[in-house]
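Computed from heavy atoms alone, side chains included, the values below leave out hydrogens, waters and symmetry copies.
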Amino acid sequence: LLYEFKTDLQTYLATRRGLRVKTLADLITFNEKQRDREMPYFGQELFLMSDKKGPLTEEAYTTALETNGRLSRVAGIDLALKSDDLDALVGLTGGPAWITDLVNGDHYIGSSSTPAAVAGYPAITVPAGFVHGLPIGISFIGTAWTEVELIRLAYAYEQATRHRRAPGLVPTARFSIADRTEPRTGRAKNPSPTTRVK
């Protein structure tokens, strides 16, 4: 991921006209110079780790790519499907959304999308319901070239469960002192540490 991020980002930046940033290193420098605005809460650790990686021809990358492909395809998804004669693997896409913790960081607990992403195999996600009002999804994962079957399965699940609800535009948090804002920025001045979540 770190190797490909650097290469793909720099390939993309090379296609953009009029940008002062051309490389990942340029972006890192820009972020550091604009730290107060660009990174008020978190750093750029992934950028820094990715920038240390070399080209996609490095042995560390080619070995990891081969190993990940073999384990996620032949010894992973393909084996699981064949061993039980399955059309697809099904699992929760991920848990409900979590509150971002500015002290300890995110509390990400994983998702079922990783195996398909690593394998380069198709996956489709549809609504599976709600937990305390937060949406969760269910994923259908298949082997190579099974998109049509996955769409059929996901559509059948959607029609049988009818879990989808149109999203609403509701405020996620409201400060208790609404009128205390900076004239120039519109940001709250010394907002109350307590917020109410709807």
No-hydrogen, no-angle side-chain donor-acceptor test under 3.5 Å, E38 and Q44: no
CG-OG distance between L79 and S72, expressed to the nearest 0.5 angstrom: 12.0 Å
Candidate list S113, S111, S139, test side-chain hydrogen bond (donor to acceptor under 3.5 Å, both in side chains), partner T125, passing option: S139
Inter-residue atom distance D51.CG - T23.OG1, 0.5 Å rounding: 7.0 Å
Between CG on residue D26 and CD on residue Q10, distance to nearest 0.5 Å: 8.0 Å
Enclosure of Y12 OH (heavy-atom neighbours >12, cutoff 6.0 Å): no
V118 with Y121, same ILVMFWY side-chain cluster at under 4.5 Å: no
Qualifying residue, where the test is side chain to side chain contact (heavy atoms under 4.5 Å, CB included) with L81 and the options are T146, I141, T143: T143
Distance (rounded to the nearest 0.5 Å) between F30 CZ and L19 CG: 10.5 Å
Counterpart residues, salt bridge (Lys or Arg N to Asp or Glu O under 4.0 Å), relative to E149 (two or more places apart): R152
Close side-chain approach of F140 and I151, heavy atoms under 4.5 Å: no
E59 atom CD: more than 12 heavy-atom contacts under 6.0 Å: no
Shortest non-hydrogen contact from P127 toward E158: CD-OE2, 3.9 Å
Any side-chain heavy-atom pair of T57 and T62 under 4.5 Å: no
Which atom of A154 lies closest to which atom of I124, heavy atoms considered: CB-CG2, 3.7 Å
Heavy atoms of other groups near L56 CG, more than 12 under 6.0 Å: yes
Sub-4.5 Å side-chain heavy-atom contact between L65 and E4: yes
CD1 on I28 to CG on L24, rounded to 0.5 Å: 4.0 Å
Pi-cation contact, F130 with R165 (under 6.0 Å, within 45°): yes
Distance, nearest 0.5 Å, that separates CD1 of I138 from OG1 of T161: 8.5 Å
Whether over 12 other heavy atoms sit under 6.0 Å from K82 NZ: no
Exercise: identify the closest heavy-atom pair between L150 and G142: CD1-N, 3.6 Å
Contact summary for D78 and V74, nearest pair of heavy atoms: OD2-N, 3.9 Å
Where S50 and F5 come nearest, the two heavy atoms and their spacing: OG-CD2, 3.5 Å
Short N-O contact, E66 and R70, less than 4.0 angstrom: yes
E58 and Y3, any side-chain heavy atoms less than 4.5 Å apart: yes
Shortest non-hydrogen contact between A80 and L89, atoms and distance: CB-CD2, 4.0 Å
